[in-house]
Amino acid sequence: MISVVVPTLNEEDGIGELYARISAAAREWPDREMELIIVDDGSTDRTLAIARELARADQRLRIVSLTRNFGHQAAVSAGLNHSIGDVVIVMDADLQDPPESVGPLIEKLQDGFDVVYAIRTKRKENLVKRTLYFLYYRLLRHLATLEIPLDSGDFCVMRGNVCRAICELPERNRFVRGLRTWVGYRQVGVAYERQARFAGEAKYSFSKLVKLGLDGIVNFSYKPLHFAFLFGVTVGILSCIAGAFVLFQYATNWTVWGFNPRQARGWTSLIFTLLFSSAAQLFCMGILSEYMGRLFEETKRRPIYLVKERVNFQETKSTSDRSTDCETLESHSLSLERQ
Ligand code: UDP
Ligand code: MG
């Protein structure tokens with residue numbers, strides 16, 4: 001079965017066309033069953049009503065209606081959680097990701113890949129948005145500890161076991177394209193031209209985009225905190241040296257560039273106190289930031305590894321068994337205890 005997951009927010013003008021085009025594309029995969037999961041992310045227009053009407057006539061269309069707007073990434077996650085296909089497709093409702101381009105992605109999957117993600121070669125959006133996207137993806141690649149592919153969004157085709165592995169990651173701030181990279185497996189990108197919106201306005205406000213961008217960087221990069229550590233320690237050491245120098249200058253009555261600290265009463269003690277207290281703070285902040293980074297890694301509770309296959313083990317687990325191929329920290333420590 002192929003599951004098509006579509007997050008929607010106020011897409012009343014496009015949802016009929018989306019359904020028609022996905023149904024038409026599905027005729028290209030006659031040997032496969034299809035389920036279309038529309039996740040309604042708290043639409044306030046007729047999106048849900050139209051989807052219900054369509055679902056009445058077609059059992060393949062399933063609707064997951066959220067109680068309010070939880071955001072695109074939450075809606076994608078809800079759709080992935082409800083999908084049952086052994087191939088799962090994620091696409092937007094605005095037809096910017098054309099259903100007709102899914103065929104080549106599925107074909108690529110048959111070449112032995114587990115995830116085929118779409119890379120946007122051209123975008124039909126305004127120059128400012130295009131430039132910001134371009135810069136963001138390059139910044140993310142520079143900062144992230146993981147190589148998140150450039151210019152690829154959530155539009156992709158993946159196998160069911162990859163979908164399950166993503167769903168089992170317990171972190172709450174979800175940057176799905178990052179998690180998809182994190183789980184590993186054999187992944188490949190295929191280029192496509194991103195179309196203009198079929199109807200309506202973009203539902204991602206600027207602030208939502210900033211939040212998504214920050215989730216990408218903060219959830220997948222430790223570097224800003226490590227930078228805080230290096231900065232704190234470096235400036236802390238320099239402040240210590242400067243403080244010691246001021247004290248030395250006072251003690252030896254040394255004039256440097258025409259200035260002698262003894263000329264200004266109270267200057268030496270003030271500057272010395274200032275430099276040493278800021279050095280102490282910067283040191284401590286640097287150390288704290290390293291602990292915070294590690295704490296953050298722990299609170300995300302991602303498994304420490306995922307196993308794809310076991311060979312010659314008594315209970316060899318099949319890779320298609322989605323619930324068992326994602327090893328958690330607990331199961332790892334249990335197996336250590338048994339040894
Ligand atoms: N969307 C959603 N919840 C939101 C924002 C967007 O489900 O809070 C859906 C929207 O209906 C669309 C997809 O997510 O199907 C992408 O949104 P949009 O087209 O606004 O993003 P852009 O293409 O501008 O990045
Ligand atoms: Mg869009």
Side-chain angles (χ1 to χ4, degrees), residues 3-22 25 36-51 54 61-83 88-102 117-137 140 148-156 172-178 180 192-216:
S3 304
V4 185
V5 171
V6 184
T8 49
L9 171 66
N10 298 337
E11 303 283 4
E12 60 182 2
D13 296 327
I15 193 151
E17 176 76 9
L18 172 87
Y19 169 74
R21 279 175 58 183
I22 291 183
L36 169 58
I37 302 181
I38 300 233
V39 184
D40 178 53
D41 188 17
S43 295
T44 49
D45 64 357
R46 294 196 60 247
T47 306
L48 186 58
I50 298 170
L54 294 169
L61 200 164
R62 295 178 179 152
I63 303 171
V64 180
S65 169
L66 306 186
T67 52
R68 64 166 172 86
N69 177 244
F70 283 91
H72 178 223
Q73 299 292 299
V76 172
S77 304
L80 294 181
N81 270 324
H82 284 82
S83 67
V88 182
I89 301 168
V90 180
M91 63 164 66
D92 285 352
D94 55 5
L95 295 165
Q96 281 193 285
D97 316 321
E100 298 73 34
S101 61
V102 166
Y117 53 84
I119 301 171
R120 299 148 178 183
T121 47
K122 277 192 191 151
R123 284 174 173 272
K124 294 186 177 141
E125 280 148 335
N126 66 45
L127 186 67
V128 179
K129 217 169 173 183
R130 283 204 317 260
T131 315
L132 286 177
Y133 277 123
F134 181 87
L135 293 176
Y136 172 73
Y137 279 110
L140 181 63
I148 298 175
L150 282 176
D151 306 317
S152 80
D154 291 330
F155 182 31
C156 72
R172 313 183 64 80
N173 260 316
R174 298 187 83 82
F175 184 66
V176 176
R177 61 203 73 170
R180 187 184 70 206
Y192 85 116
E193 262 186 46
R194 189 151 161 93
Q195 305 298 310
R197 246 183 178 274
F198 174 74
E201 296 279 300
K203 304 301 174 315
Y204 254 103
S205 58
F206 186 70
S207 60
K208 274 185 181 172
L209 273 179
V210 171
K211 157 94 173 65
L212 179 73
L214 267 178
D215 277 350

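Being a predicted model, the structure only gives us computed values, none of them experimental. Values below: every heavy atom of this structure, side chains too, minus hydrogens, waters and symmetry copies. Indexing begins at 1, ligand by ligand and atom by atom, following the structure's order.
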Review point. Do side-chain atoms of T121 reach the backbone of Y192 as a donor and acceptor pair under 3.5 angstrom?
Key: yes
Point to revise | Main-chain N/O of G71 paired with D41 side-chain donor or acceptor, under 3.5 Å | key: yes
Exercise for review: Decide whether an N or O pair under 3.5 Å exists between A75 and ligand 1.
Suggested key: no
**Study point:** Under 3.5 Å side-chain donor-acceptor pair for R194 and Q96
**Key:** yes
Practice item. Can you spot which of R120, R174, R177 makes a salt bridge (charged side-chain N to carboxylate O under 4.0 Å, His left out) with D154? Key: R177
Practice item. State the count of protein N/O/S atoms located less than 2.8 Å away from the Mg ion (ligand 2). Key: 2
**Study point:** Closest to atom 1 (N) of ligand 1 (judged by heavy-atom distance), picking from L209, L66, L9
**Key:** L9
Check your understanding: Are any of the heavy atoms in E201 under 4.0 Å away from ligand 1?
Key -> no
Exercise for review: Mind checking whether K129 contacts ligand 1 via backbone (N, CA, C, O), side chain (CB onward), both or neither, at a 4.0 Å heavy-atom cut-off?
Suggested key: side chain
Exercise for review: Have a look at ligand 1 and work out which part of D41, if any, has a heavy atom under 4.0 Å from it: side chain, backbone, both or neither.
Suggested key: side chain
Revision key, fill the gap. Atom 17 (O) of ligand 1 has as its nearest protein heavy atom Y204 CD1, 3.7 Å
**Study point:** Backbone of V88 reached by a side-chain donor or acceptor of S3 within 3.5 Å
**Key:** no
**Study point:** Top protein contact for atom 25 (O) of ligand 1, by heavy-atom distance
**Key:** Y133 OH, 3.4 Å
Review point. Backbone N or O of R46 within a donor-acceptor pair of the E12 side chain at under 3.5 Å?
Key: yes
Review point. Got the closest protein heavy atom to atom 12 (C) of ligand 1, with its distance?
Key: E11 OE2, 3.5 Å
**Study point:** From CG (D45) to CG (D13), nearest 0.5 Å
**Key:** 7.5 Å
Point to revise | Set of residues satisfying ring-ring contact (aromatic ring centres under 6.0 Å, His included) with respect to F70, sequence neighbours excluded | key: none
Review point. Is R194 in contact with ligand 1, taking contact as a heavy-atom separation below 4.0 Å?
Key: yes
Check your understanding: Between V6 and ligand 1, which part of the residue brings a heavy atom under 4.0 Å of the ligand: side chain, backbone, both or neither?
Key -> neither
Review point. Can you name the salt bridge (Lys or Arg N to Asp or Glu O under 4.0 Å) partners of K211, sequence neighbours left out?
Key: D215
Review point. Of all residues at least two apart in sequence or in a different chain, which pass the ring-ring contact (aromatic ring centres under 6.0 Å, His included) check with Y133?
Key: none
Review point. What residue and atom, counting heavy atoms only, is the protein's closest point to atom 20 (O) of ligand 1, and at what distance?
Key: K203 N, 2.4 Å
Study note, to complete from the structure: Which of I22, V4, V64, I15 passes side chain to side chain contact (heavy atoms under 4.5 Å, CB included) with I38? It is I15
Review point. Are any of the side-chain heavy atoms of R62 and H82 separated by less than 4.5 Å?
Key: no
Review point. Mind checking whether F155 has a heavy atom under 4.0 Å from ligand 1?
Key: no
Check your understanding: Is any N or O atom of A202, backbone or side chain, closer than 3.5 Å to an N or O atom of ligand 1?
Key -> no
Exercise for review: Considering heavy atoms of the protein only, find what lies nearest to atom 8 (O) of ligand 1 and give residue, atom and distance to 0.1 Å.
Suggested key: K208 NZ, 2.8 Å
